[in-house]
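Step one of this worksheet: look at the structure below.
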Amino acid sequence: MPKVLVSDTIDQAGIDILSQVAQVDVKTGLSPEELIKIMPEYDALMIRSGTRVTKEAIDAGTQLKIIGRAGVGVDNVDVPAATRQGIVVVNSPEGNTIAAAEHALAMMLAMSRYIPDANQSLKNGKWDRKSFVGAEVYKKTLGIVGLGKIGSHIAAAAKALGMKLIAYDPFISIDRAEQLGCRLVDMDLLLQEADYITLHIPKTPETTNLIDAKALAKMKPTTRIINCARGGIIDEVALVEALTSGRIAGAALDVFNNEPLEPDSPLRQVGKELLLTPHLGASTAEAQINVAIDVAEQIRDVLLGLPARSAVNIPGLYPDALEKLRPYLQLAETLGNLVSQLTGGRVDLLNVRMQGELANNDSMPVVVAALKGLLSQALRERVNYVNATIEAKERGIRVIETRDASMRDYAGSLHLSAKGALGEHSVTGALLGDGEIRITDVDDFPINVPPSRYMLFTRHRDMPGIIGKIGSLLGSFNVNIASMQVGRKIVRGDAVMVLSIDDPLPEGILAEIMKVPGIRDAYTVTL
């Protein structure tokens, strides 16, 4: 039975799901050295923000198949190291969307009305109304940096509060922004116009210290800024200076450069202009249950051999694309495996052509599946959807993608051609209505055969008696033929024969087949 390590506190609902398929060990508070020591025992690791999964821990996890982060970010996981080892990294991109959005909105309103300080003042026995004159958000301009799921939810709520919305997001279309009631602007204009700024972007080299002294200097003195995304996006030293000097009116932070926040952090010394909470964005009972269930289900699925919904390191395999293309991924993998063997294993160039209705879909998942099949003979279990593109790149395999939306005999089909040690070969395949795979073309010769475990392909001259000779030869070696089909373009020209056989060919039989008059080439394939 697989073993799963849960190294941070998660809701019991997630543990119950994992327990259906695995032995679950809950060990929280592990030191980095302790984590590395026990990693070889486990097939899966489930974490939250407390555990840092380093390259050393990943390298130690020789049995590790998946790392699941019960939350949105994966900045505490060395994703490149996991990808290189073929380990799936998943998160829960939607599990705490509502909780995070509501917390940002709560921070904005609490900051505007000085609610925490007013509360403390009253509890200290005072009745001080003059010190807590706040600001209304109605008709104010909210600048949203990042219009993803959280930013979009905030846009809807802020619009209902009567706020004007502007947004900066280089990855979203103008049409989508307008649907949300936002006017897309560049970052400089957002800094200059916004009365409130809320950040909903990941921490990357490009976004680290995005809000620095220069950015703060562009804001109005009445501007207030909220960060419930990731620590490090705001330069904390510059923010303290801007608040204490009156450069901006206020800030609310839920995330910090270093967590927990240091006892001597200058942020703690700022007055009522700064509101701080200890990374509570996802801290609702509902969100904790949602992310635990979401990630546990994905770990369970991967351990059962199924794909994950929200893998962050599998190119193009987003939930929507995966659902639509799932039937074609096995087709692509099968064809990649087939063309690899026909070309002798080592491939320099792979052409992927998506045809018919398939041409209207995202090509990346199909390409990844084709590369996985292409490399499966050489790398066996070492190659998967996570590291297929990396392994292909390291082997110098060039990939060319093309699309042809014109319909052929099937609504959607896939054509792969590859150049390798045994020359250039091509295969085409399609799906029947029931999802059954069909090989429909080999080296431009039309056929219609389902893939089987053991297959024999021949290229021969179309002439009387050749099929019988091959059948007799196989029979003399006690090889049983399950099915046979011939594809040709013209009578008595070249042809392709495909035989499905029950067992692997005995050693030496391929050389005997090549001696049959009219046989030009012969290849055995194991799928």
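Residue numbers run from 1 in the order of the sequence given.
- In this structure a side-chain-to-backbone donor-acceptor pair under 3.5 Å is missing from Asp294 to Asn290.
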Please report the C-alpha distance between Gln63 and Glu41 in whole Å, then the side-chain angles of each, then the deciding distance to 0.1 Å, and finally whether the side-chain contact (heavy atoms from CB on, under 4.5 Å) criterion is met. CA-CA 7 Å; Gln63 302 299 317; Glu41 303 175 29; over 6 Å; no
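- Going from atom CG of Asp301 over to atom CG of Leu306 covers 5.0 Å, rounded to the nearest 0.5 Å.
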Evaluate Leu189 against Arg183 for side-chain contact (heavy atoms from CB on, under 4.5 Å), listing each step before the verdict. CA-CA 11 Å; Leu189 189 59; Arg183 173 168 58 95; 4.2 Å; yes
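- Between Thr9 and Thr28, the shortest heavy-atom distance links the atoms N-CG2, 3.8 Å.
- The closest side-chain heavy-atom distance from Leu210 to Met187 is below 4.5 Å.
- When atom types are taken as modelled, the side chain of Ser265 and the backbone of Leu261 share no donor-acceptor pair closer than 3.5 angstrom.
- Neither side chain, Ser283 nor His103, offers a donor N or O lying under 3.5 Å from an acceptor on the other.
- Side-chain contact between Met39 and Leu35 is present, with at least one heavy-atom pair separated by less than 4.5 Å.
- Put simply, the side chain of Val352 does not reach to within 4.5 Å of the side chain of Ile400, judged on heavy atoms.
- The closest donor-acceptor contact from the side chain of Thr223 to the backbone of Lys220 lies under 3.5 Å.
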Test log, rule side-chain contact (heavy atoms from CB on, under 4.5 Å), inputs Phe132 and Ile115: CA-CA 8 Å; Phe132 305 110; Ile115 290 174; over 6 Å; no
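- In terms of the salt bridge (charged side-chain N to carboxylate O under 4.0 Å, His left out) criterion, residue partners of Asp43 (sequence neighbours excluded) are, by chain and number, Lys65.
- A donor-acceptor contact shorter than 3.5 Å links the side chain of Asp78 to the backbone of Ala81.
- Counted by atom type alone, Ser131 and Asp128 present one or more donor-acceptor pairs between their side chains at under 3.5 Å.
- No more than 12 heavy atoms of other residues, nucleotides or ligands sit less than 6.0 Å from atom CZ of Arg113.
- The two residues Ala332 and Val366 make their nearest non-hydrogen contact at CB-O, 3.6 Å.
- The distance from the CG atom of Leu199 to the CD1 atom of Ile197 is 7.5 Å, given to the nearest 0.5 Å.
- For the residue pair Gln179/Asp175, the side-chain donor-acceptor check at 3.5 Å is not satisfied.
- The shortest non-hydrogen separation linking Val291 to Gly71 is CB-N, 4.2 Å.
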Chi angles and distances behind the side-chain contact (heavy atoms from CB on, under 4.5 Å) call for Ile58, Val53: CA-CA 7 Å; Ile58 289 167; Val53 189; 3.7 Å; yes
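- Closest of all the heavy-atom pairs between Leu276 and Phe256 is CD2-CE2, 3.8 Å.
- Between Leu414 and Tyr328 there is no side-chain heavy-atom pair separated by less than 4.5 Å.
- To the nearest 0.5 Å, atom CD of residue Glu34 and atom CD1 of residue Ile36 are 11.0 Å apart.
- Considering every non-hydrogen atom in both Gly181 and Leu165, the closest pair reads O-CB, 3.5 Å.
- Of the possible polar contacts, none joining the Asn96 side chain to the Ala99 backbone as a donor-acceptor pair under 3.5 Å is found.
- For the residue pair Thr83/Asn313, the side-chain donor-acceptor check at 3.5 Å is satisfied.
- Side chain of Ser19 to main chain of Ile15: a donor-acceptor pair is present (N/O by atom type, distance under 3.5 Å, no hydrogens or angles).
- Side-chain atoms of Arg403 come within 3.5 Å of backbone atoms of Ala359 as a donor-acceptor pair (strictly under, hydrogens ignored).
- Although no hydrogens or angles enter the test, the distance criterion places a donor-acceptor pair under 3.5 Å between the side chain of Asn76 and the main chain of Thr51.
- Of the N and O atoms on the side chains of Thr277 and His279, not one donor lies less than 3.5 Å from an acceptor on the other residue.
- For Asp169, the salt bridge (charged side-chain N to carboxylate O under 4.0 Å, His left out) criterion is met by no residue, not counting sequence neighbours.
- Of all heavy-atom pairs between Val89 and Ala82, the closest is CG2-CB, 3.6 Å.
- Within the model, atoms CD of Glu178 and SG of Cys182 stand 10.0 Å from one another, a figure rounded to the nearest 0.5 Å.
- Put simply, CZ on Arg69 and CG on Leu45 are 12.0 Å apart, with the number rounded to the nearest 0.5 Å.
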Step-by-step salt bridge (Lys or Arg N to Asp or Glu O under 4.0 Å) determination, Glu193 to Lys218: CA-CA 9 Å; Glu193 287 192 9; Lys218 295 175 184 177; over 6 Å; no
Show me the side-chain donor-acceptor pairs of residues 139-154 shorter than 3.5 Å, one per line, residues at least two apart or across chains.
unit_1 : atom_1 : unit_2 : atom_2 : d
Lys140 : NZ     : Glu136 : O      : 2.6
Lys149 : NZ     : Glu94  : OE2    : 3.3
Ser152 : OG     : Leu147 : O      : 3.2
Ser152 : OG     : Gly148 : O      : 2.6

Give the C-alpha distance, both sets of side-chain angles, the deciding distance and a yes or no for side chain to side chain donor-acceptor pair (under 3.5 Å) between Asp188 and Gln192. CA-CA 6 Å; Asp188 277 353; Gln192 295 165 28; 5.2 Å; no
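- Heavy-atom contacts from other residues, nucleotides or ligands closer than 6.0 Å to NZ of Lys164 number 12 or fewer.
- A 4.5 Å side-chain heavy-atom check between Asp195 and Val137 finds every atom pair outside the cut-off.
- Arg224 contributes atom CZ, which lies 10.5 Å from atom CG of Leu243 (distance to the nearest 0.5 angstrom).
- With a 4.5 Å cut-off on side-chain heavy atoms, Val6 and Asp25 do not count as touching.
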Kindly determine whether His415 and Ser413 satisfy side chain to side chain donor-acceptor pair (under 3.5 Å), including the steps that lead there. CA-CA 7 Å; His415 176 85; Ser413 61; over 6 Å; no
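- In this structure the side chain of Pro266 never reaches within 4.5 angstrom of the side chain of Glu236, judged on heavy atoms.
- The environment of Arg268 atom CZ is dense: over 12 non-hydrogen atoms of other residues, nucleotides or ligands sit within 6.0 angstrom.
- In this structure, the side chain of Asp212 engages the main chain of Lys214 through a donor-acceptor pair within 3.5 Å.
- A donor-acceptor pair is defined here as one N or O able to donate and one able to accept, closer than 3.5 Å; no such pair exists between the side chain of Asp404 and the backbone of Gln355.
- Salt-bridge check for Arg230 with Glu259: failed, with every basic side-chain N at 4.0 Å or more from each acidic carboxylate O.
- The closest side-chain heavy-atom distance from Lys27 to Ser7 is not below 4.5 Å.
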